[in-house]
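All heavy atoms count here, side chains included; hydrogens, waters and symmetry mates do not. Chain letters run A, B, ... following the sequence lines, proteins first and then strands; every chain starts at 1.
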There are 2 protein chains.
Amino acid sequence: MVKRTTKKYTVGIRIWINEEQGHFMGIGRVRLLEHIRETGSITNAAKAMKMSYRQAWQMVEDMNSRSDKPLVEKILGGKGGGGAKVTEAGEKAISLFYKLEQKIEQISNELSGLINL
Amino acid sequence: MVKRTTKKYTVGIRIWINEEQGHFMGIGRVRLLEHIRETGSITNAAKAMKMSYRQAWQMVEDMNSRSDKPLVEKILGGKGGGGAKVTEAGEKAISLFYKLEQKIEQISNELSGLINL
DNA sequence: AACCGGTATGTTTTTTAAAACATATTGAAT
DNA sequence: ATTCAATATGTTTTAAAAAACATACCGGTT
């Protein structure tokens, strides 16, 4: 028995991807992309996440305009009024993010073990 | 020449310490502790950081009440009206935080190299 | 050409967090 | 016992972010 602390502490970590202008994509936007993939539209993705369509649309717009290739392809009008789909570049971004997050997750656990308050 | 991306991306990371009830101490509170150490009071620390005394006081209160031993010792009344000083436990928390942050910093750089968007 | 459901975008309202303000309390020093 | 500067705490105001609302546009389908 070496430690005699009463409280239990852990290390919390948040990770995101920065583009030149700053914050580009965090877990929230990744989830949005996934919901777009599932539902086929920004409207329904937003509903599923209980966020406003406006905000969801703006996030997509921001990501698209700041990445080399758009992460979401938007379809205007037509059958069903249109929709949105995650592009190949979008899928790549999603999996990259999870890869990074996974590495961090494990490191977070290691660091928690170092706490000696 | 293997990569041909136009944009440059980096990984951003935030780290903090959780106590059982959740967020306990991040970089903001660490800086507050350091300013208290420098100035000898919550009042002056808050001024130096351009935050309201009220908020600074509440942060100290929160940290003290949730840690085993208080991180800040507050002196009420007396010479100069009183003051505040960082305890041994407080100093320990500060250096632990920086130690964790430093490890993370380096990992952040490594991960940035993995980005291939 | 009328319909439909989603995109696109401006405007207003609500919510929430932070700041600002106000005042009482404390205790050593004079 | 008065003073002083800091702690302690309640109340009000401001500011920023999110949500809500409203409406125009778009283009296959019928």
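A heavy atom lying under 4.0 Å from DNA chain D marks the following residues of residues 35-67 of chain A, by number: A/Arg54, A/Gln55. Near DNA chain D, meaning a heavy atom under 4.0 Å from it, residues 76-86 of chain A has A/Leu76, A/Gly77, A/Gly78, A/Lys79 in order of number.
Considering only heavy atoms from C-beta on, A/Lys69 stays 4.5 Å or farther from B/Leu117 through its side chain.
Among residues two or more places apart in sequence or in another chain, the salt bridge (charged side-chain N to carboxylate O under 4.0 Å, His left out) test is passed with A/Arg31 by none. For the side-chain contact (heavy atoms from CB on, under 4.5 Å) test, residues two or more places apart in sequence or in another chain that qualify with A/Asn109 are A/Glu105. Every side-chain contact (heavy atoms from CB on, under 4.5 Å) that B/Glu110 has, sequence neighbours left out, goes to B/Gln106. When the side-chain hydrogen bond (donor to acceptor under 3.5 Å, both in side chains) test is applied to A/Tyr98, the partners found at least two apart in sequence or on another chain are A/Glu34. Under the rule for a salt bridge (charged side-chain N to carboxylate O under 4.0 Å, His left out), A/Glu38 has no partner lying at least two apart in sequence or in another chain. Residues that satisfy the side-chain contact (heavy atoms from CB on, under 4.5 Å) test with A/Ser95, not counting sequence neighbours, are absent from this structure. Residues forming a ring pair (Phe, Tyr, Trp, His ring centres under 6.0 Å) with A/Phe24 (at least two apart in sequence, or on another chain): B/Tyr9.
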Indicate every side-chain donor-acceptor pair of residues 39-46 of chain A with a distance under 3.5 Å to a residue at least two apart or in another chain.
residue: A/Thr39; atom: OG1; partner: A/His35; partner atom: O; Å: 2.8
residue: A/Thr39; atom: OG1; partner: A/Ser41; partner atom: N; Å: 3.4
residue: A/Thr39; atom: OG1; partner: A/Ser41; partner atom: O; Å: 3.0
residue: A/Thr39; atom: OG1; partner: A/Ala45; partner atom: N; Å: 3.3
residue: A/Ser41; atom: OG; partner: A/Asn44; partner atom: N; Å: 3.0
residue: A/Ser41; atom: OG; partner: A/Asn44; partner atom: ND2; Å: 3.2

Can you give the donor-acceptor pairs under 3.5 Å from side chains of residues 70-89 of chain B to other protein atoms, not counting sequence neighbours?
residue: B/Lys74; atom: NZ; partner: B/Glu61; partner atom: OE1; Å: 2.5
residue: B/Thr87; atom: OG1; partner: B/Pro70; partner atom: O; Å: 2.7
residue: B/Thr87; atom: OG1; partner: B/Leu71; partner atom: O; Å: 3.2
residue: B/Thr87; atom: OG1; partner: B/Ala89; partner atom: N; Å: 3.3
residue: B/Thr87; atom: OG1; partner: B/Gly90; partner atom: N; Å: 3.1

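The nucleotide range of DNA chain D contacted by chain A, defined by atoms under 4.0 angstrom from heavy atoms of the protein and reported 5' to 3', is D/dA19 to D/dG28.
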